[in-house]
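Shown next, in structure tokens, is the structure this report addresses.
The sequence lines fix the lettering, A, B, ..., with proteins before strands; numbering per chain opens at 1.
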Amino acid sequence: MERTRERECERELVQRARRGDDNAFEDLVRAHQKPIFSFIYRLSGDPEITAEVTQMAFIKAYSGLGGFRGDASFRTWLYRIAVNTFRNHVRDESRRSHQEVDDNMPSSDEGAFEVLNHQQERRMLWEAVQTLPERQREALVLRVQEGYPFTDVARIMRCSVGSAKANYHQAVQKLKAALGE
Amino acid sequence: MRCSDGWVRQHLVEFAAGTLDEDQSGRVRIHLETCGECSGDYGIIRNLASIEVPDPGEDFWNALPGRVITEVKSAPRRFGKSLTPTFGPMWRPAGWAWRGGLAAAGLAALLILVLWPRGTTVEVPLPYPEAPFDLVGRVVDLGVEVEFLSDHSNDVALIDLSIDLNGGVSYEDLALFPDGSTLDELGFRHLDDDSLIRLEEVLDEMASEGIERG
């Protein structure tokens, strides 16, 4: 029920924004900025790039609002734009194919000595994620960290469901190999 | 040993997220005790899900919505690098290999199909002051940008396709359209999803032919 009301509200905001109501679009940005930021960060591993790409994605969303037909949810549509924008960025900055993992690796509050191994494992995992091919990383992040079913992963990545699954499974296998599992 | 329970493999993410019901969770738990393949996958999934994202802070969140609007309003052409075309030797038809010309003509023909009337019109500022070519159309959708430029000569349009597709590629090309093609037919059409996919396929085909983008 609550969800239905949220969707109604969002639909209304989208319609208002399409009619040129900037306040409505700002509300849409507010509602989605954190998930989009998280998503891009998980793809990029770099907070500064994430901030830049997030802003660019919303700018593109604004300018492309007329093309949103409501076939997919606004959220899914935004993720598609975010994927495209991030791909644009990577292509523009071709240097990023093997981006170093910086010191911004998410820290943990667990603190206890016995979780050191766990933390190291996570760091290694994070590093391995950053070296995955773009499509595999996208499929992995969308499926595991964003929790999308494969049908939506495929829709966002503009590929078949089979391709989304294949990319995801290849990513998981590579990560397992990288961690020696 | 290969895993024999496809359902469990497909639902490890939901198990890690705690969104399965009790029976389903029990099934996954039992399976993980005996399946090395799935427990390896699950370890990866659980660790990935626990990776934290840094918070840029309230200032960032508060400012972002307004910044987006300001950016759009103040710099409508700065939506991507491809919106600043380069006017170099690539612009001269003489520099074209016949194969590239044919491919471009093919692409042009396909674009005519792809861009055929659907949806809304996109207006653009005219012209680029720094070049002898006018920007006669631009389409922006889903992070993809297509530009059309023309020298308006003899009813034959020289079109630049700066296609920001699949990652920042500024695909600069010239295509000769036959007499009778009107710029209105080409430049002011909205791309829908199917068209974008077709456009992507066209570009992939060109890439497989060894024709570089950008």
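For A:T50, no part lies under 4.5 angstrom from a heavy atom of chain B. The parts of B:I45 that come within reach of chain A are both its backbone and its side chain, each placing non-hydrogen atoms under 4.5 angstrom from that chain. Using a 4.5 Å cut-off between heavy atoms, A:V141 makes no contact with chain B at all. Contact annotation for A:F58: both backbone and side-chain heavy atoms come within less than 4.5 Å of a heavy atom of chain B. At a 4.5 Å heavy-atom cutoff, the contact between A:K34 and chain B is made by backbone and side-chain atoms alike. Heavy-atom distances place the side chain of A:L140, and not its backbone, under 4.5 Å from chain B.
Note that the CD1 atom of B:I69 and the CG atom of A:D22 stand 4.0 Å from one another [nearest 0.5 Å]. Summarising the geometry, atom CD belonging to A:Q145 is positioned 6.0 Å from atom CD1 belonging to B:I51; distances are rounded to the nearest 0.5 Å. B:N47 CG to A:W126 CH2: the interatomic distance, rounded to the nearest 0.5 Å, is 12.5 Å.
No donor-acceptor distance shorter than 3.5 angstrom exists from the side chain of A:Q55 to the backbone of B:L64, with no hydrogens or angles considered. Judged by distance alone, with hydrogens and angles left aside, the side-chain atoms of A:Q33 form a donor-acceptor pair with the main-chain N or O of B:W61 at under 3.5 Å. Judged by distance alone, with hydrogens and angles left aside, the side-chain atoms of A:K176 form a donor-acceptor pair with the main-chain N or O of B:E37 at under 3.5 Å.
Per-residue heavy-atom pair counts under 4.5 Å with chain A were compared for B:L12, B:V68, B:D55, and the maximum is reached by B:V68.
Legend: ring pair (Phe, Tyr, Trp, His ring centres under 6.0 Å) pairs involving residues 138-164 of chain A, not counting sequence neighbours, sorted by first then second residue: A:Y79-A:Y148, A:F150-A:Y168.
Evaluation of the side-chain contact (heavy atoms from CB on, under 4.5 Å) rule for B:N62 yields B:E58 as partners, not counting sequence neighbours.
Comment: B:E14 engages A:R143 in a salt bridge, judged by a side-chain N to carboxylate O separation of less than 4.0 angstrom.
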